[in-house]
**Q** 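The structure's right below; bear with me while I get my questions together.
Sequential numbering from 1 along the given sequence is applied to the chain's residues.
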Amino acid sequence: MPAFSIPGLSSGQDTNQIVKKLVELESKPIRRLERQNGYNQAQVKAWTDLKTLTTDLQNKTREIISFTAPFATKSIVSDPEGVITGDAARSASSGKRKIEVKELATFHQISGDPIDSERKIPAGSFKILSGENEKEIEFPGGTIRDLYLTIRTGAAGIVQPTMVKVDQDKTVLTLAASQSGKDNQLKFDDPNGILKAASLVGGMLPQDPPQVFPLPWEAGQTNAFQPEKYGMDATAKPVFIPANAEKKEPSKVKLSSKQAFQFHIDAKEGKKGARIEATLSEPLEEGETISLGVLYDQDEQDKVLLETAYHKEGKVRITLKSSMEGKKIHKVIVVNQTGKEKEFSQFRFVLPAEFNGAKPAKTIVEAKDASFTVDGIEVTRPKNEGLTDVLDGVLLNLNKKSEGPVTVDIKVDSAKGIKMVKEFIEAYNNVLKYSKDATAVNKESGTSDAKLDDPDITRSFWEGKGKTGILAGENSVIRLIAGMKNVTTSSFPALGTSEIRTLADVGISTGDVGSKWADIQEGYLALNEAKLTAKLAENPDAVRNLFAQDTNSDARMDTGVGVNLVEHLKPYTQYAGGLVTSKIKLLEEQVSDNNKKIKNFESHLLSYEKKLKEKFLYMEQGVGRNKAVGSYLSNNLRSQGGDDK
């Protein structure tokens, strides 16, 4: 219903203003609830800010007490700079080394001769080999660009192709090995002449025959292999079929479905590229799998190498990697993982001659290993970067050839540890300062709006308060400050013969000797960086133990400045059931309840205002009627008096 006004003409009073004042007086509870909401919202913000700061301190402290915290690492500095870079673990021995870089490892790169960009290259297959990797590629035929795209997709990870247009009609294809080093030299098997037609290689180079060593499988030298894994009887034996001279058939061995056996052989020395292979009476069907493997000696223990066999043209085989170089192989493993009985014959150990392949048309960069000396000792590696197996605990990067021996200094680097400590101190002081501001009490009723400004709370409201801080009188915040100071000034057991027991022992204190008592009393932490650097260089483990100690060897930190501080901060940072979270939730519930009360009271005010206006209107109407009667009587009396005269 639209509001109506009361002119007040009859009574001569401003009845609209009177109603307004009465409504304002009646609405005082709403103003009180709004002020209370403003105060609660300011407290919510204050508690939220405190939780943010304590969480930051907790995170910074956890970084310091973690097992992987880099309190003191070791760095590498070379003189002259830039020749050698790297990194060193804490386990690396400090000291200076003389390293001379004679040759850097290179990536083998070849190119073809220019050919007509539109020349049609026939379809077929070819192989690209590099180190232990090889890719067999099927080319559907096409131009030099089609070949480039096929190699880029089919030989990814082995070679990086590039196509260079020499002129409007001619194109050159270049190939670069993806890995550096002599062993990763690119080689090509081009039986269909695809690469030759692309002018990338010439003809195939002569190839020496492989060395083949028969591996006779004898019944007396056979045992089940891991019978519990394959659900076999441990006493099971395969079926042996003797050779048939008339039919020129070799001896054979039958394995039932899901059977696995191992048989003894005369010891063979493993070599990269060597093969264990056998012939199958019937080729494998799609989805069928045979596994081959070997048992070999390593550190006077039997080790197992078992792989899914590669199947082609009725043969199955596995190829040994460089990790098997020099290992003594004394048993062969055969696993029939198909659902059918399989028949094997002619087990062999094959040592192929070094593959020569097709000769590249042009060699742009030869494949070379890095060659360098360490304290006069000759060293070679297939790569220049990430060399972790030259010096214990040291990673080396060879950046360029040196003019002579380079001095490499391995020394303690405390920069990361000091940075972590600085961040910890900053986070600690932030919590301390904010907590003090939020709980400060001004006896003279002055105000301080630091970090507590809120558009919903007027300055006059704060001026009416006798407390400066929004959280003044909160015992939980006072306990937070007291607990933080107690932890950071406590003494902890020293590690071994170290004398480090307190933060002050490593240069972290509330003030240097001679500082003003008022400054020390504030409790803010300050860092003597020179002292901390010296302690980290002297005994980084002792510094770390000051922050976190594992006293019972259970791989869990039990005590220390950091451990105790994190534990003290938990009620102020945890989400579920946390002290601060509970307070925020309670305040937000109060705001919600107050909003409901305000809404209900606003409905009451509308009704109250309507009733007031109705009463004042009735009053005005009554006054108006009385005035009309009075005027009537007055006029009548006056006229009667005139008649009498």
Side-chain angles (χ1 to χ4, degrees), residues 76 78 80-87 97-113 127-135 151-152 155-162 164 172-190 195 200-202 204-208 271-273 320-326 352-391 394-408:
I76 290 179
S78 67
E81 293 184 13
V83 177
I84 298 171
T85 57
D87 200 1
R97 301 283 183 272
K98 293 289 186 181
I99 300 179
E100 182 178 1
V101 183
K102 296 181 176 180
E103 196 78 51
L104 291 177
T106 58
F107 295 84
H108 189 213
Q109 186 174 0
I110 69 161
S111 76
D113 293 323
K127 287 183 183 178
I128 300 179
L129 303 88
S130 178
E132 295 181 353
N133 301 310
E134 68 174 65
K135 294 281 188 178
I151 293 175
R152 189 176 71 173
I158 290 183
V159 68
Q160 298 174 357
T162 305
V164 179
V172 171
L173 183 62
T174 68
L175 301 178
S178 296
Q179 298 183 52
S180 60
K182 189 175 181 180
D183 286 346
N184 291 309
Q185 177 179 335
L186 295 175
K187 295 182 179 180
F188 307 93
D189 186 6
D190 189 30
L195 301 179
L200 195 63
V201 301
M204 295 291 290
L205 297 171
Q207 186 70 31
D208 295 331
K271 188 175 180 182
K272 173 187 169 183
L320 305 183
K321 301 289 193 291
S322 57
S323 58
M324 289 295 297
E325 193 79 35
E354 184 176 357
F355 178 71
N356 295 320
K359 183 179 180 180
K362 292 180 182 177
T363 299
I364 301 174
V365 179
E366 292 184 8
K368 294 181 181 179
D369 287 337
S371 174
F372 55 102
T373 62
V374 179
D375 295 333
I377 301 171
E378 295 283 345
V379 181
T380 59
R381 289 293 185 274
K383 59 182 183 178
N384 302 315
E385 298 181 348
L387 305 179
T388 58
D389 57 351
V390 178
L391 296 172
V394 176
L395 180 146
L396 293 175
N397 298 318
L398 310 179
N399 300 321
K400 58 184 178 181
K401 291 173 64 174
S402 60
E403 300 294 334
V406 173
T407 301
V408 176

**Q** When rounded to the nearest 0.5 angstrom, what is the spacing between CG in Leu396 and CD in Glu385?
**A**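 Here the rounded value is 11.5 Å.
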**Q** Could you name each residue pair satisfying salt bridge (Lys or Arg N to Asp or Glu O under 4.0 Å) that touches residues 396-406, not counting sequence neighbours?
**A**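 Output for this query is empty, none listed.
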**Q** Provide the closest heavy-atom pair for Leu387 versus Lys383 in the form atom of the first, atom of the second, distance.
**A**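 Taking Leu387 first and Lys383 second, the nearest heavy atoms are CD2-O, 3.5 Å.
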**Q** At what distance, to the nearest 0.5 angstrom, does CD of Gln109 lie from OG1 of Thr363?
**A**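 Spacing of CD (Gln109) from OG1 (Thr363) equals 10.0 Å.
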**Q** Identify all side-chain donor-acceptor contacts of residues 175-190 below 3.5 Å with residues at least two apart in sequence or on another chain.
**A**
{"from": "Ser178", "atom 1": "OG", "to": "Ile158", "atom 2": "O", "distance (Å)": "3.3"}
{"from": "Ser178", "atom 1": "OG", "to": "Val159", "atom 2": "N", "distance (Å)": "3.3"}
{"from": "Ser180", "atom 1": "OG", "to": "Pro382", "atom 2": "O", "distance (Å)": "2.7"}
{"from": "Asn184", "atom 1": "ND2", "to": "Ser180", "atom 2": "O", "distance (Å)": "2.7"}
{"from": "Lys187", "atom 1": "NZ", "to": "Glu354", "atom 2": "OE2", "distance (Å)": "3.2"}
{"from": "Lys187", "atom 1": "NZ", "to": "Phe355", "atom 2": "O", "distance (Å)": "2.9"}
{"from": "Asp190", "atom 1": "OD1", "to": "Gly193", "atom 2": "N", "distance (Å)": "3.4"}
{"from": "Asp190", "atom 1": "OD1", "to": "Ile194", "atom 2": "N", "distance (Å)": "2.9"}
{"from": "Asp190", "atom 1": "OD1", "to": "Leu195", "atom 2": "N", "distance (Å)": "3.2"}
{"from": "Asp190", "atom 1": "OD2", "to": "Leu195", "atom 2": "N", "distance (Å)": "3.2"}
{"from": "Asp190", "atom 1": "OD2", "to": "Lys196", "atom 2": "N", "distance (Å)": "3.0"}

**Q** Step by step, would you call Glu132 with Lys321 a salt bridge (charged side-chain N to carboxylate O under 4.0 Å, His left out)?
**A** CA-CA 7 Å; Glu132 295 181 353; Lys321 301 289 193 291; 5.5 Å; no
**Q** Quick check: does any side chain N or O of Asp369 sit under 3.5 Å from a backbone N or O of Ala105, one acting as donor and the other as acceptor?
**A**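 Not a single qualifying donor-acceptor pair exists.
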**Q** Walk me through whether Lys271 and Leu320 qualify under side-chain contact (heavy atoms from CB on, under 4.5 Å).
**A** CA-CA 7 Å; Lys271 188 175 180 182; Leu320 305 183; over 6 Å; no
**Q** Give a yes or no answer on whether the side chain of Ser78 reaches the backbone of Ile84 with a donor-acceptor pair at less than 3.5 Å.
**A**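 Yes; at least one donor-acceptor contact below 3.5 Å.
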**Q** Picking from Thr174, Leu173, Val365, Leu200, what satisfies side-chain contact (heavy atoms from CB on, under 4.5 Å) with Ile110?
**A**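 The option that passes is Leu200.
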**Q** Restricting to non-hydrogen atoms, name the atom on Lys272 and the atom on Glu325 that form the minimum distance, rounded to 0.1 Å.
**A**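 Closest pair (atom of Lys272, atom of Glu325, distance): N-OE1, 3.0 Å.
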**Q** Are the side chains of Val374 and Val408 in contact, using a 4.5 Å heavy-atom criterion?
**A**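 Val408 does not reach Val374 side chain to side chain.
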**Q** Partners of Thr388 by side-chain contact (heavy atoms from CB on, under 4.5 Å), sequence neighbours excluded?
**A**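 So Thr388 forms a side-chain contact (heavy atoms from CB on, under 4.5 Å) with Leu395.
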**Q** Where is the tightest heavy-atom contact between Ile364 and Ser111, given as atom of each residue plus distance?
**A**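 Here Ile364 and Ser111 meet closest at CD1-CB, 3.5 Å.
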**Q** Any donor and acceptor pair, going by atom type alone, linking the side chain of Asn384 with main-chain N or O of Leu398 inside 3.5 Å?
**A**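 No, Asn384 side chain to Leu398 backbone: no donor-acceptor pair under 3.5 Å.
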**Q** How far apart are the closest heavy atoms of Val172 and Gly112, and which atoms are they?
**A**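 Heavy atoms only, the tightest pair is CG1-O, 3.4 Å.
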**Q** I'd like to know if the side chain of Asn356 reaches the main chain of Gln207, judged simply by a donor and an acceptor atom lying under 3.5 Å from each other, with no hydrogens or angles considered.
**A**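 No; zero donor-acceptor contacts below 3.5 Å.
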**Q** Strictly distance-based, threshold 3.5 Å: is any side-chain N or O of Thr106 a donor or acceptor partner for the main-chain N or O of Glu366?
**A**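 Side chain of Thr106 to backbone of Glu366: a pair is present.
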**Q** Is there a side-chain contact between Thr407 and Lys98 (heavy atoms, below 4.5 Å)?
**A**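 They are in contact (side-chain heavy atoms under 4.5 Å apart), so the answer is yes.
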**Q** For the backbone of Thr373 and the side chain of Glu100, can you confirm whether one donor and one acceptor N or O come within less than 3.5 Å of each other?
**A**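 The answer is no, because no donor-acceptor pair under 3.5 Å joins these two groups.
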